[in-house]
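Below is one structure, written out as structure tokens; the observations come after it.
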Amino acid sequence: MMYEPVIGLEIHVQLKTKTKMFCGCPTHDSAVAPNEHVCPICLGHPGVLPVVNAQAVRYGVLMGLALNCEIAAHSKFDRKNYFYPDLPKAYQISQYDLPIAIKGHLDIEIPGGARDAARIGITRAHLEEDAAKNLHSGGAATYVDFNRGGTPLIEIVTEPDFRSSQEAKIFLQELRLIARYLGISDADMEKGHLRCDANISLRTVDEQGGIVGARFNPKTEVKNLNSFKHVQSALEYEIRRQTKLWEAGTPPMISTTRGWNDTQNRTQEQRSKEEAADYRYFPEPDVPPLELKNLADELRSQLPELPAVRRARFVSEYNLKPSDARQICDDSVLADFVEHVFSELHAWLIALPELQETDETVLDHEKEKLGRLVSGWLLSKLGGLMADRGIDIRTSKISAENFAEFITLIATRKLNNTAGLTVLNAMLDDGNDPSHIMEDQQLGRMDDESELARLVTQTIESYPAEVARYQAGEEQLLKYLIGMVMKASEGTADPGIIKNMLLVELKSE
Ligand code: ADP
Ligand code: ZN
Ligand code: MG
């Protein structure tokens, strides 16, 4: 008998609106002192009237659409009643039975996983306001900072469709990226913009993966996970803990709530889960219901290209490897840069006199070569040089035009790799265009044949022992001799040409 994890996530995403969900207070910015961004509405004074933030509704609907949900034509807010110091009204305005979005899905790819891909069902997504923040002083007192209270959130609930902690993590990362592409949240887990409760149970399956016993068993909900690492560690810990219980013949009989203790690297039992009825949900009488049909139609037509589509397009249009396309599209600014580079390069390619009147296959082949050059020079070389300098594509002085020109110089072999690296460094240092730098530093490929021939002859004379060994059959010494000629040319010669010249010279010896 084997145990299969069954995992579902409840995710809160903080929406990047200017003001709070139901009042005009600015949304929390960590730079202000506690309790500066508060008013009678978000402090829950009696007799005040909340007004729905239209931007938050738009953002919520955008997320619902991006998750392939049905947007409710008719939606409303409800009061979720509970008593806690971080909730001055003693209820949270949330959505209960008519959320803005239902029945969606998100497809994820799972590199190296037990399955390659999975479609994760989205049960629902609803809008609500965040609670305030309790600050435990360590002494007897607890302080409450109401700046966060009333910040708009969208809560996304998935079906129990994950089968490993890795799948859960990949989903969260994709969700973060979607929120960023939509511009609705920075979705930074470390800053609390994205928070996750992970639900997990086990079930028994046979060798073929067929479910043997119950389809669903009582689950554990691990609350308030605020980093990808914590999500993964908490789920891994629960899989081990629950497996032991099953093996001992005492599987969990009731659903429980646990917390993640990062110092002890384990989950800990909290309170047992309240029933939904405990919250005594009832319709919020002060906020009118939402009619979303028109808004959904409007926003559907404005939805930007989402990460998965963009990645696929980068593979087909720019001939990038799927892993490179993924790396690039994970940062939309870098992806914009790459789009710009390719649009320059493809325009240049099409205009090349020698490629006029060639057919599509020749052009495709040339585009493929450019794709390889761009990903090689961008991701490994430029990426490395920027990392060394502690900068990224946002702060670097390299423009897409200059980088595209640089690639054309490499593609036409006007620059070899060694000189290319020097030019790239100089481009990073002063933002100049590459042909300028080449002229300045005299880095152009040496194509003076007689000068090259001289260097080749000179090298053959300087290394008689190596030449003799090469001619006696040690073929790997050719590389060494090529390197010596390159060195003599201070890196400006073309290794391919040197190789040919050496082969001719060494034969005729
Ligand atoms: P609750 O009544 O405890 O709020 P819900 O049915 O609303 O539970 O589901 C909350 C989350 O728990 C969802 O993400 C759902 O996919 C997940 N979930 C539900 N049942 C299970 C289960 N047996 N094992 C793991 N996760 C589950
Ligand atoms: Zn307020
Ligand atoms: Mg629930």
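Order of appearance sets the numbers: ligands from 1, and atoms from 1 within every ligand. A quick note: this is a predicted structure, and the numbers were derived from the prediction, not measured.
Residue contact check: Val157 has heavy atoms under 4.0 Å from atoms 13 (C), 14 (O) of ligand 1. For ligand 1 and Phe216, the ligand atoms under 4.0 Å from any heavy atom of the residue are 23 (N). Listed by number with element, the atoms of ligand 1 under 4.0 Å from a non-hydrogen atom of Ser201 are 22 (C), 23 (N), 24 (N), 25 (C). Here is the list of ligand 1 atoms found below 4.0 Å of a heavy atom in Glu159: 16 (O).
A cation-pi arrangement is found for Lys80 relative to Tyr279, the charged atom lying closer than 6.0 Å to the ring centre and inside a 45° cone about the ring normal. Both cation-pi conditions hold for Arg79 and Tyr91: the charged atom is under 6.0 angstrom from the six-membered ring centre and inside a 45 degree cone around its axis.
Glu236 and Ser165 form a side-chain donor-acceptor contact under 3.5 Å, judged by distance and modelled atom types alone. No hydrogens or angles considered: nothing links the side chains of Glu305 and Tyr181 as a donor-acceptor pair under 3.5 Å. Lys367 and Asn319 are not linked by any side-chain donor-acceptor pair at a separation below 3.5 angstrom, with hydrogens and angles left out of the test.
Not a single N/O/S atom of His37, whether from backbone or side chain, sits less than 2.8 Å from the Zn ion (ligand 2).
Contacts between Asn217 and ligand 1, counted as non-hydrogen atom pairs separated by less than 4.0 Å, involve the backbone only. When heavy-atom distances to ligand 1 are checked against a 4.0 Å cut-off, Leu9 comes that close only through its backbone atoms N, CA, C and O. The parts of Val6 lying near ligand 1 are both backbone and side chain, judged by heavy-atom distances below 4.0 Å. Contacts between Glu221 and ligand 1 below 4.0 angstrom, taking non-hydrogen atoms only, are absent altogether.
By the 30° and 60° cut-offs, the orientation of the rings of Phe406 relative to Trp377 is perpendicular. Ring geometry, Tyr96 versus Tyr281: the interplanar angle falls under 30°, so the pair is classed parallel (tilted spans 30 to 60°).
With the Zn ion (ligand 2) at the apex, Cys39 SG and Cys23 SG define an angle of roughly 110° (rounded to 10 degrees).
In terms of polar-atom proximity, defined here as any N/O pair under 3.5 Å, Asn199 does make such a contact with ligand 1. Inclusion of Pro218 in the set of residues having an N or O under 3.5 Å from an N or O of ligand 1 is not warranted.
Side chains of Phe171 and Leu9 form a contact here, defined as non-hydrogen atoms less than 4.5 Å apart.
Remark: among candidates Arg215, Arg124, Lys219, the nearest residue to atom 19 (C) of ligand 1 is Lys219, based on non-hydrogen atoms.
Ring centroids of Phe22 and Phe77 are separated by less than 6.0 Å, placing the two rings close together.
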